[in-house]
Amino acid sequence: MKTTVCAAIGAAGSCIASLLGGWDGAMVTLAIFMAVDYAAGLIVAGVFHASGKSAGGALESRAGFKGLCRKGMTVLFVLVASRLDALLGVDYIRQGVIIGFAANELLSIVENAGLMGLPLPAAVTRAVDVLSAKGEARHE
């Protein structure tokens, strides 16, 4: 029974990795950044009560679920980009999407570190402020 379950999980994982264009260093990096960002968000909300995602800044299951949905959508974007690469016979669309989302995750990790009170170099703080302002301008 254990062998069957392990084989089924392995087969499912292999299919998913194949759909995402393979499990390479870029996907590993994106997955790590996503996990670190989610964990940092949990710490900001649960320990520091400084989250901008909930009314009191504290841990809230709805906000956590929304975060997981966003991470899932990121993976779906990688899937779409991978299929576009296959359709067009190129190999750079998926990489570009992964780099873009990895940069976004990194920005969020830095913001979470700032909310935790971690002293950040002024250059990093300015870069986060500039990128955040550009992101907010696009959403208006």
Side-chain angles (χ1 to χ4, degrees):
M1 179 67 171
K2 180 180 174 182
T3 304
T4 304
V5 170
C6 287
I9 291 171
S14 176
C15 288
I16 292 168
S18 176
L19 286 172
L20 294 173
W23 193 253
D24 57 1
M27 275 304 300
V28 169
T29 300
L30 180 60
I32 289 170
F33 281 18
M34 288 170 64
V36 169
D37 179 49
Y38 194 76
L42 288 175
I43 292 168
V44 164
V47 176
F48 293 92
H49 304 285
S51 174
K53 308 275 195 286
S54 64
L59 209 52
E60 185 180 281
S61 60
R62 184 173 172 87
F65 181 69
K66 282 181 171 180
L68 287 176
C69 288
R70 287 185 191 105
K71 304 294 183 205
M73 195 64 199
T74 298
V75 174
L76 289 176
F77 264 95
V78 173
L79 170 71
V80 168
S82 175
R83 297 315 310 154
L84 277 173
D85 273 354
L87 180 68
L88 299 174
V90 297
D91 63 355
Y92 55 83
I93 298 170
R94 174 183 172 271
Q95 291 298 103
V97 167
I98 290 173
I99 290 168
F101 279 113
N104 191 54
E105 294 293 335
L106 182 58
L107 177 64
S108 182
I109 292 166
V110 171
E111 287 174 335
N112 284 333
L115 290 171
M116 289 181 204
L118 187 72
L120 298 171
V124 172
T125 305
R126 282 192 302 271
V128 168
D129 290 342
V130 167
L131 291 172
S132 294
K134 286 183 179 182
E136 289 172 9
R138 288 185 187 159
H139 294 293
E140 292 177 354

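Bear in mind the structure is a predicted one, so any value in this text is a computation, not a measurement. The first residue of the sequence shown is numbered 1, and numbering continues consecutively from there.
- When atom types are taken as modelled, the side chain of Thr29 and the backbone of Gly25 share a donor-acceptor pair closer than 3.5 angstrom.
- The hydrophobic clustering, which links ILVMFWY residues whose side-chain heavy atoms are closer than 4.5 Å, places Ile32 and Trp23 together.
- When all heavy atoms are compared, the tightest approach of Tyr92 to Asp85 is N-OD1, 3.6 Å.
- Panel note: side chain Thr74, backbone Arg70; a donor-acceptor pair is recorded below 3.5 Å.
- No side-chain heavy atom of Val97 sits less than 4.5 Å from a side-chain heavy atom of Arg94.
- Hydrophobic clustering (side-chain heavy atoms under 4.5 Å, transitive across Ile, Leu, Val, Met, Phe, Trp, Tyr) groups Met34 together with Ile16.
- If you take CZ on Phe33 and CD1 on Ile109, they are separated by 6.0 Å, rounding to the nearest 0.5 Å.
- Residues Leu59 and Gly46 come closest through the heavy atom pair CD1-N, 4.0 Å.
- Across all non-hydrogen atoms, the minimal contact from Met27 to Gly22 is CG-O, 3.6 Å.
- In terms of heavy atoms, Leu79 sits closest to Leu19 at CD1-O, 3.2 Å.
- Atom NZ of Lys53 has 12 or fewer neighbouring heavy atoms from other residues, nucleotides or ligands inside a 6.0 Å radius.
- Side-chain heavy atoms closer than 4.5 Å link hydrophobic residues (I, L, V, M, F, W, Y) into clusters, and following such links, even through other members, never connects Met116 to Leu106.
- Hydrophobic clustering places Val75 together with Phe77 (ILVMFWY residues linked when any side-chain heavy atoms are closer than 4.5 Å, directly or through intermediates).
- Residue Tyr38 forms a side-chain contact (heavy atoms from CB on, under 4.5 Å) with just one option from Asn112, Ile43, Leu68, and that option is Leu68.
- Here the side chains of Ser51 and Val44 are in contact, with some heavy-atom distance below 4.5 Å.
- To the nearest 0.5 Å, the span separating CG on Leu87 from OG on Ser82 amounts to 11.0 Å.
- In this structure, Asn104 CG and Ile99 CD1 are separated by 14.0 Å, a value rounded to the nearest 0.5 Å.
- When side chains are defined from C-beta on, Phe65 counts as touching Cys69, because their heavy atoms get closer than 4.5 Å.
- Of the inter-residue distances, the one linking Ile98 atom CD1 with Leu30 atom CG reads 6.0 Å to the nearest 0.5 angstrom.
- In the hydrophobic cluster analysis, where Ile, Leu, Val, Met, Phe, Trp and Tyr join through side-chain heavy atoms closer than 4.5 angstrom, Leu118 is grouped together with Leu107.
- In this structure, Leu76 CG and Lys71 NZ are separated by 14.0 Å, a value rounded to the nearest 0.5 Å.
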